[in-house]
Amino acid sequence: MRIATWNVNSLKARLAKLEEWVSYAEPDVVCLQETKMSDEAFPTAAFAALGYESAHHGNGRWNGVAILSRVGLDQARAGFLGEPPGAIEQCRILTASCGGVRVASVYVPNGRAVGSEQYDFKLAWLRRLRDDLAATTTPDDAVVVCGDFNVAPEDRDVWDISQFLGATHVSEPERAALRELEVWGLVDAFRAVYPDADRLYTWWDYRAGDFHNGRGMRIDLVLVSRALAGGVRYALVDREARKGMGSDKPPSDHAPLFVDIDL
DNA sequence: ATGGTAGCGCTGCTA
């Protein structure tokens, strides 16, 4: 199974690019974040034309997550278990069963500034994600959690850690919350494939030429359950897809990441 | 140098 994750920063603005990318990358499952779209506007037919079933969870203006699958898609659930969709989770998690794998597309809150109300919300949201996983699955099940975690797991996952003093995405509480997912039984698939590779990022700020100057962060992750970790055989961040489709069409600020897993 | 860009949507927020 080839499973991908991509924060598209508006699905409306990026639909053509996504269609192009899906056609050549040929993922079996795609998890999208920041669709910034309502469920009514979601282009179900466009994905069906490419051979993908799909599910979406969004309110329109902010956030919004989706799953595309060409290996079946059922038992879709928007939001956390036992909570009204859109309530606490803010259209940031969608879960579905695809080809025998329980897949979650997550968009973890940004956190804005360390110590802020939004930062505390981010930490609580990550704990809620762990509790949701623990309540609905086990690490011995086939589980994949994909998305924009807005946390760089280690110092080597940012372009220059000295530039991040006191910043979000690298603080110890955020990293500890991410590690709690690993303690439960998830494995960072990209890091499993590239245990020694540094300076491989998934996000670059639009400003100041950061992409072309190599100033990025690895914050988009594919986490696989212990049951699947042994089958992970390949992973790639497609930097080409971060280059857009010409001067009139800016790219997303994130590149897609995909992982190939032998099930 | 406290900047810079993008999306949504029309004012300023979010990232």
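To find a chain, count down the sequence lines: A is the first, B the second, and so on, and within it residues start at 1. Reckoned from all heavy atoms, side chains included, excluding hydrogens, waters and symmetry mates.
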Honestly, is A:R130 close enough over A:W184, meaning NZ or CZ under 6.0 Å from the six-membered ring centre and within 45° of the axis? no
Write down the distance between CD (A:Q90) and C1' (B:dC13), rounded to a whole number of angstrom. 14 Å
Nearest whole Å is fine: how far is B:dG7 P from A:L15 CG? 14 Å
Does B:dG7 have OP1 or OP2 sitting under 4.0 Å from an N or O in the side chain of A:R14? yes
Just to be sure I understand the rule, does A:R92 reach a base, reach only the sugar-phosphate, or reach nothing, if contact means heavy atoms closer than 4.0 Å? sugar-phosphate
Sticking with atom P, work out how far B:dG12 lies from B:dT2, rounded to a whole angstrom. 22 Å
Phosphate-side-chain proximity, A:S252 and B:dA6, N/O vs OP1/OP2 below 4.0 Å: no
Between B:dG7, B:dA6, B:dA15, which nucleotide has the shortest distance from any of its atoms to the side chain of A:K36? B:dG7
Is the shortest side-chain N/O distance from A:R112 to OP1 or OP2 of B:dT14 below 4.0 Å? yes
Which nucleotide in B:dA15, B:dG7, B:dG12 has an atom nearest any side-chain atom of A:R61: B:dG12
Would the A:F42 and A:F47 ring centres measure less than 6.0 Å apart? yes
So, is the end of the A:R218 side chain (NZ or CZ) under 6.0 Å from the ring centre of A:F190 and within 45° of the ring's axis? no
What does A:R215 touch in the nucleic acid at a heavy-atom separation under 4.0 angstrom: a base, only the sugar-phosphate, or nothing? nothing
Classify the ring geometry between A:Y201 and A:W204 as parallel (under 30°), tilted (30 to 60°) or perpendicular (over 60°). perpendicular
